[in-house]
Amino acid sequence: MNSLQAQAVQVALQAYRDCQEAEEREYAEQYDEVKRMEDEAPAPDPCVRLFNELVEACIGYVEAGGDRADLELGEYRDAVYRRMDQPRSVQRWEDEGGAPLPVRPHQVDR
């Protein structure tokens, strides 16, 4: 397993954590209320792209032979695991008109 994948997970995790903290600072005392409203009626999440990048980094780590249990994802572990366990979510998004994810070099047929 390549340490580059482990490093990519840590970089993605820090970027996502920074985004979450910035959002919390922006809304300050209203943060809990804003999150509750998002649960009731989903709104654009400014951190969703970073979360998806974190999930992709974790998938890359596992595909390179790493054990996801070794990843230190903190409070985001359960959410990341849930997304990793939903292989059809990307396909469904593509079927609904989303752009396909870029092919990783190890996925190219040679």
Side-chain angles (χ1 to χ4, degrees):
M1 195 252 323
N2 191 331
S3 66
L4 288 177
Q5 281 86 10
Q7 184 178 14
V9 170
Q10 290 308 307
V11 168
L13 176 60
Q14 189 59 51
Y16 181 64
R17 185 171 278 137
D18 290 348
C19 183
Q20 290 291 313
E21 289 171 0
E23 185 178 354
E24 189 171 345
R25 279 191 308 274
E26 181 179 341
Y27 293 112
E29 291 130 20
Q30 299 141 340
Y31 183 74
D32 290 335
E33 181 67 15
V34 167
K35 284 299 180 188
R36 185 190 62 74
M37 289 187 312
E38 284 178 355
D39 289 342
E40 292 176 1
D45 183 342
C47 302
V48 73
R49 180 184 56 81
L50 294 171
F51 178 76
N52 290 337
E53 289 174 8
L54 172 59
V55 171
E56 283 300 310
C58 292
I59 290 170
Y61 176 84
V62 171
E63 288 177 349
D67 184 347
R68 74 183 189 176
D70 294 337
L71 296 172
E72 296 180 20
L73 300 171
E75 66 273 24
Y76 306 118
R77 190 191 86 180
D78 292 341
V80 169
Y81 280 14
R82 274 193 305 275
R83 182 63 61 88
M84 288 175 74
D85 292 340
Q86 295 176 348
R88 294 187 43 78
S89 63
V90 171
Q91 184 61 47
R92 188 182 74 233
W93 181 71
E94 289 174 1
D95 291 345
E96 293 172 358
L101 294 174
V103 175
R104 288 188 228 119
H106 64 276
Q107 291 177 321
V108 176
D109 293 330
R110 295 177 194 210

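None of the values given here were measured: they were computed from a predicted structure.
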Practice item. Can you sort out the partners of E24 under side chain to side chain donor-acceptor pair (under 3.5 Å), two or more places apart, ordered by chain and number? Key: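 For E24 there are no side chain to side chain donor-acceptor pair (under 3.5 Å) partners, ignoring immediate neighbours.
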Review point. Under a 4.5 Å cut-off applied to non-hydrogen side-chain atoms, are M84 and V62 in contact?
Key: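 M84 vs V62: side chains touch.
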Check your understanding: Are any of the side-chain heavy atoms of R83 and N52 separated by less than 4.5 Å?
Key -> yes
Looking at every non-hydrogen atom in both residues, tell me the closest pair between [X] and [Y] and how far apart they are.
| X | Y | result |
| --- | --- | --- |
| L71 | C58 | CD1-SG, 3.8 Å |
| Y61 | D67 | CE2-O, 3.3 Å |
| Y16 | L54 | CD2-CD2, 4.2 Å |
| L13 | Y76 | CD1-CD1, 3.7 Å |
| A64 | Q5 | CB-CD, 3.7 Å |

Point to revise | Modelled atom types, side-chain donor and acceptor of D18 and Q14, under 3.5 Å | key: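 A pair is found: one side chain offers a donor N or O, the other an acceptor, under 3.5 Å apart.
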Point to revise | Gap between atom CD of Q20 and atom CZ of R25 - 0.5 Å precision | key: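 The CZ atom of R25 sits 11.5 Å away from the CD atom of Q20.
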**Study point:** Worked verdict on I59 versus V55 for side-chain contact (heavy atoms from CB on, under 4.5 Å)
**Key:** CA-CA 6 Å; I59 290 170; V55 171; 3.9 Å; yes
Study note, to complete from the structure: In short, salt bridge (charged side-chain N to carboxylate O under 4.0 Å, His left out) pairs touching residues 4-17 with sequence neighbours left out are R17-E75
